[in-house]
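A quick write-up on the structure given underneath.
First listed ligand is number 1; within each ligand, the first listed atom is number 1.
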Amino acid sequence: MSQTEAPQRPAPLIDPATVARLLRLVDATSGETHEVLSPLDAAVLVAVPQSSEADLDAAFAAARAAQPAWAALPAAERCRSLLAFHDLLLSHQGALADLIVAETGKARRDAVEEVFHAAMTARYYGERAPGLLRPQRRRGVFPVLTRVDVLHPPTGVVGVISPWNYPLTMAFSDGVAALAAGNTVVAKPDAQTMLTAAFGLELLRRAGVPRDAWRIVAGPGARVGVGVVERADHVCFTGSTATGRGIAARAGERLIGASLELGGKNPMLVLADADLDAAAAGAVRGCFANAGQLCVSFERLYVARPVFDAFVERFVAATRALDLSVGLGWGVDVGTLVSADQLAKVSGQVEDARDRGARVLAGGRARPDLAPYAYEPTILTGVTPDMACHRAETFGPVVALYPFDTEEEAVAAANDDVHGLNASVWSRDARRARAVAARLNTGSVNVNESFGAAFGSLDAPMGGTGESGLGRRQGPEGLYRFTQPQTVATQRLLGFVAPGDVPRDGFAAALTSGLRALKAVRW
Ligand code: NAD
């Protein structure tokens, strides 16, 4: 259904006063609006005002003017706001989840999970950033004579461009690290999920972050997203590989930093000694959480041949038992896809696979009787390289099963991919699974878990290799990307030129002895 044909909903999903209050937070005075449909019923949820070029200029000017004062605060003071943000996110999780479900159609439990992730990220940087940002002493060229301090000044104004699939955590988890480091932020959330992003911003301001330290703009990626990339000092992008490639090219021309969290075609490996009940439950979560619209979810499942049938039986039964439905309540296991475009992409890939001979073991159908864009969790076998879903990211609830005979073969198949975001290995022997994990070309690997173990461990970096992106979020790495490390080296007494009347060859000989001595004492 096109946007102009969208029905008007009799009773609003979100109270109009809340909508009006949140939209006032967006820097958008063009007079144009963009109608957003809720995937729950394809009726108009909100008409979002759109930002003009002047709004972009104003948002960046405000953020740029505010940045020095924000950076001049002690890091601990900045971080107090992040800790308050953590508390506000948790205490408003119900209202946040309502907005997230209304905008994305996901299951409420998936919505609440992202509230938790955003809160945990705010707490991690709130607690850890002051220590990480403290000047660090490093070894100088000469012991005693050279003192080296490394400082971590902020980059400036960070542009955060985020997608619709995790509209709270993708919009805030990177930005809170940027704020902690002393940057200010101009955010461009996806057009579909502006209300969630605006509610997050309202809570951030209530937590003490100054108004101009985080501005928010709205509009199509091709215009407003590009405008953010043109004006930012660092761009932090989460979204598709195709868009990320274009952003990287422009960032390259402008010589600004870019962190890019992109797509994936993630593999899960079930080794012959795996606990099959646990692996099947892990596969259900890893393939169908957020209806598969999750960057770290699995679309390729490699299973050791001796346990293939036993695993498939468990996985198919658990998948068929899932409750595919929509609504704001807790009863939903798997929600709907977000849009007609997503539905067309997912059903197109499944039809293509079916037409070319793949077998559908579970699902494989759109369910317009449940919601306009609902699609069943789907398991395929017999997927071959000529099928679109063999290599292309589906970004939906569709997984292909492949048997393997040797670990060597499983590792090679898993690594035969241009992406490299997340993977999972299942075995009763965790040491063996970790050895397999170390051979996978992905930014994260979960052993006996799907994605939560790595994604929820905020002290460790997350990100992708190959076409899954550049740079890392989370952990110290996720903070330092928003800084410009500065080395301050103080030399005293002896310098780099021969003192007084010491001949140059004699000085060179003394330095040679010095270098040998430094190697001997491992300096
Ligand atoms: P998308 O690239 O179409 O859009 C993402 C964001 O970029 C939106 O805000 C959009 O408005 C903006 N945008 C679009 N064109 C732009 C341009 N030319 N310049 C600047 N900004 C532009 O992605 P999507 O379809 O909304 O999201 C799904 C994709 O995101 C999937 O491929 C998924 O794997 C990926 N993703 C990755 C991660 C990760 O952490 N690696 C997390 C979530 C989603």
Please list, by chain and number, the protein residues whose heavy atoms come under 4.0 Å of ligand 1.
I161, S162, P163, W164, N165, M170, K188, P189, D190, G221, G225, V226, F237, T238, G239, S240, T243, I247, E261, L262, G263, C295, E393, F395, L421, R473
Side chains of R245 and S240: is there a donor and an acceptor less than 3.5 Å apart?
no
List for me each residue that meets side chain to side chain donor-acceptor pair (under 3.5 Å) alongside T196, sequence neighbours excluded, and say none if there are none.
E103
Residue pairs involving residues 223-264 (criterion ring pair (Phe, Tyr, Trp, His ring centres under 6.0 Å); sequence neighbours excluded)
H234-F482
Residue pairs meeting salt bridge (Lys or Arg N to Asp or Glu O under 4.0 Å), one or both in residues 384-399, sequence neighbours left out, come to R356-D386, R391-D416
Using modelled atom types and a 3.5 Å cut-off, is there a donor and acceptor pairing between side-chain atoms of E299 and backbone atoms of T394?
yes
Test salt bridge (charged side-chain N to carboxylate O under 4.0 Å, His left out) on R21 and E202 and set out the steps.
CA-CA 9 Å; R21 189 188 81 231; E202 186 179 73; 2.7 Å; yes
